[in-house]
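For reference, the structure is listed below as structure tokens.
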Amino acid sequence: MFISIHIPKTAGTMLGYIFDHGSNRKVFWDYDPSYASVDKPDPDVIENFGFISRRFLFLHGHFYFRKYAGVAKTEHVITCIRHPLHRIISQFKHEVYNCINGARSWRSELILQGKMDLVDFITSDENIRLAQIRHLDGLALKDYSHIFLHENLDNSLAAFCSRFNFSRNDPHFMGLPRINAGEDKNFASPAQQRKYIDLTSMPQASLQEAFTLIPEEVEFYIEASALARKQFAGI
């Protein structure tokens, strides 16, 4: 069984789709929109993990490694990582899109009021600033069975299929499905789209300042991406 950690905005929705089709729908989904159970295992799941691991090929969702650390010893733990600044920008844009379309949070309200920019967004929560470190903490990067690299997903996916004899069976098996792609966002009106563009336009100075706030994530990404590249070298 693969325990697949979906860090927000790292192509996890796309990978889940591919896993679902390739495994003949043998994916045990673990998503909590509130993120309240990100590190709290369901006692029923833990008690019946033996059955679950025999019945399903993937356990996939938004959760920290430590949520399943107690049962992960005999399983393959996998994840996808992304350049941290790009990941955070994508999450910020996702927040803006959701708030324009009615799914508002306290952060989105501040963004709409012009009281929260990208820098404020990063500093508002360590789970945003250090998302990848927090999700994967508890298992050394070298001990992850496979690390997908968002910036080179084609090769990462090909390496995964080769290493684990996984056959894709989705309609897009010759390429990558476009799922939850930012450029495919749909807006109810041109005014909404203009508002989205205005709120997500970021001056270079803000991007540079944002980058200085995430040195730990950058260092972590450098190590993880090097391991990921080794996994698909030579395919």
Side-chain angles (χ1 to χ4, degrees), residues 1-82 84 87 126-127 130-150 153 155-168 216-217 219-233 235:
M1 186 182 195
F2 296 94
I3 296 180
S4 175
I5 302 172
H6 175 187
I7 303 166
K9 313 314 295 178
T10 61
T13 302
M14 179 192 299
L15 288 172
Y17 174 86
I18 290 171
F19 297 156
D20 193 32
H21 281 269
S23 67
N24 195 25
R25 301 299 175 89
K26 293 181 179 178
V27 178
F28 188 91
W29 305 100
D30 183 357
Y31 282 98
D32 176 2
S34 72
Y35 242 66
S37 63
V38 69
D39 59 355
K40 300 178 179 65
D42 184 325
D44 290 336
V45 171
I46 300 303
E47 182 178 350
N48 296 286
F49 192 79
F51 167 78
I52 292 170
S53 64
R54 291 191 300 271
R55 175 63 180 81
F56 296 91
L57 185 59
F58 293 90
L59 191 166
H60 179 79
H62 285 320
F63 51 82
Y64 291 173
F65 165 77
R66 64 175 176 264
K67 181 172 185 175
Y68 294 108
V71 295
K73 297 176 182 177
T74 60
E75 313 301 331
H76 292 292
V77 185
I78 62 177
T79 193
C80 183
I81 55 102
R82 183 178 186 179
R87 194 209 67 76
E126 290 288 271
N127 290 314
L130 301 176
Q132 297 183 120
I133 290 176
R134 291 207 163 194
H135 277 76
L136 305 185
D137 184 46
L139 183 67
L141 284 171
K142 64 180 179 61
D143 293 327
Y144 278 81
S145 296
H146 194 79
I147 298 175
F148 295 91
L149 182 61
H150 187 282
L153 203 52
N155 283 337
S156 288
L157 188 54
F160 176 80
C161 293
S162 175
R163 294 179 66 206
F164 297 103
N165 196 30
F166 179 78
S167 297
R168 290 183 59 181
E216 305 98 323
E217 280 276 279
E219 183 178 355
F220 186 80
Y221 170 78
I222 290 172
E223 180 185 354
S225 61
L227 290 170
R229 291 180 191 282
K230 285 182 180 180
Q231 291 172 342
F232 62 71
I235 62 169

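Between Arg82 and Gln132 there is a side-chain heavy-atom pair separated by less than 4.5 Å. Between Ser4 and Leu15, the closest side-chain pair of non-hydrogen atoms is not below 4.5 Å. Side-chain contact between Arg134 and Val38 is absent, with no heavy-atom pair separated by less than 4.5 Å. Put simply, the side chain of Phe19 does not reach to within 4.5 Å of the side chain of Lys26, judged on heavy atoms. You'll find the side chain of Pro84 stays beyond 4.5 Å of the side chain of Glu216, heavy atoms only. Two residues are said to be in side-chain contact when any heavy atoms from C-beta on lie closer than 4.5 Å; Ile78 and Ile147 fail this criterion.
To the nearest 0.5 Å, atoms CD1 (Ile5) and CG (Leu136) are separated by 5.5 Å. Note: Asp42 CG to Asn48 CG = 9.5 Å, rounded to the nearest 0.5 Å. To the nearest 0.5 Å, the span separating CZ on Phe220 from CG on Leu141 amounts to 4.0 Å. If you take NZ on Lys230 and NZ on Lys142, they are separated by 12.0 Å, rounding to the nearest 0.5 Å. Separation of atoms OH (Tyr64) and CG (Asp137) is listed at 9.5 Å; rounding is to 0.5 Å. One distance of note links OG of Ser145 with CD of Gln231; it measures 8.5 Å at 0.5 Å rounding.
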For residues 65-73, please give each side-chain donor-acceptor pair under 3.5 Å, one per line with the distance, not counting sequence neighbours.
unit_1	atom_1	unit_2	atom_2	d
Arg66	NH2	Asp39	OD2	3.2
Lys67	NZ	Asp30	OD1	3.3
Lys67	NZ	Asp30	OD2	2.9
Lys67	NZ	Ser37	O	2.8
Tyr68	OH	Asp30	OD2	2.6

Taking distance alone, no hydrogens or angles, what donor-acceptor pairs closer than 3.5 Å link side-chain atoms of residues 50-59 to residues at least two apart or in another chain?
unit_1	atom_1	unit_2	atom_2	d
Ser53	OG	Phe49	O	3.1
Ser53	OG	Gly50	O	2.9
Arg54	NH1	Gly50	O	3.2

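Shortest non-hydrogen contact noted between Val27 and His60 is CG1-CB, 3.9 Å. Closest heavy-atom contact between Ile222 and Ser225: O-OG, 3.1 Å.
His21 meets the ring pair (Phe, Tyr, Trp, His ring centres under 6.0 Å) test with Tyr17; sequence neighbours excluded.
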Q.
Run the side-chain contact (heavy atoms from CB on, under 4.5 Å) test on Tyr221 and Ile133 for me, step by step, so that the C-alpha distance in whole Å, both residues' side-chain angles and the decisive distance to 0.1 Å come before the verdict.
A. CA-CA 9 Å; Tyr221 170 78; Ile133 290 176; over 6 Å; no
Q.
What verdict does the side-chain contact (heavy atoms from CB on, under 4.5 Å) test give for Arg87 and Thr10, after you've listed the backbone C-alpha separation in whole Å, the side-chain angles of each residue and the deciding distance to 0.1 Å?
A. CA-CA 7 Å; Arg87 194 209 67 76; Thr10 61; 3.9 Å; yes
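Each of Phe28, Tyr144, Phe160 was scored for a ring-ring contact (aromatic ring centres under 6.0 Å, His included) with Phe2, with one residue passing: Phe160.
Looking at His146, its side chain does come within 3.5 Å of a backbone N or O of Ser156 through a donor-acceptor pair. The backbone N or O of His6 sits less than 3.5 Å from a side-chain atom of His62, completing a donor-acceptor pair.
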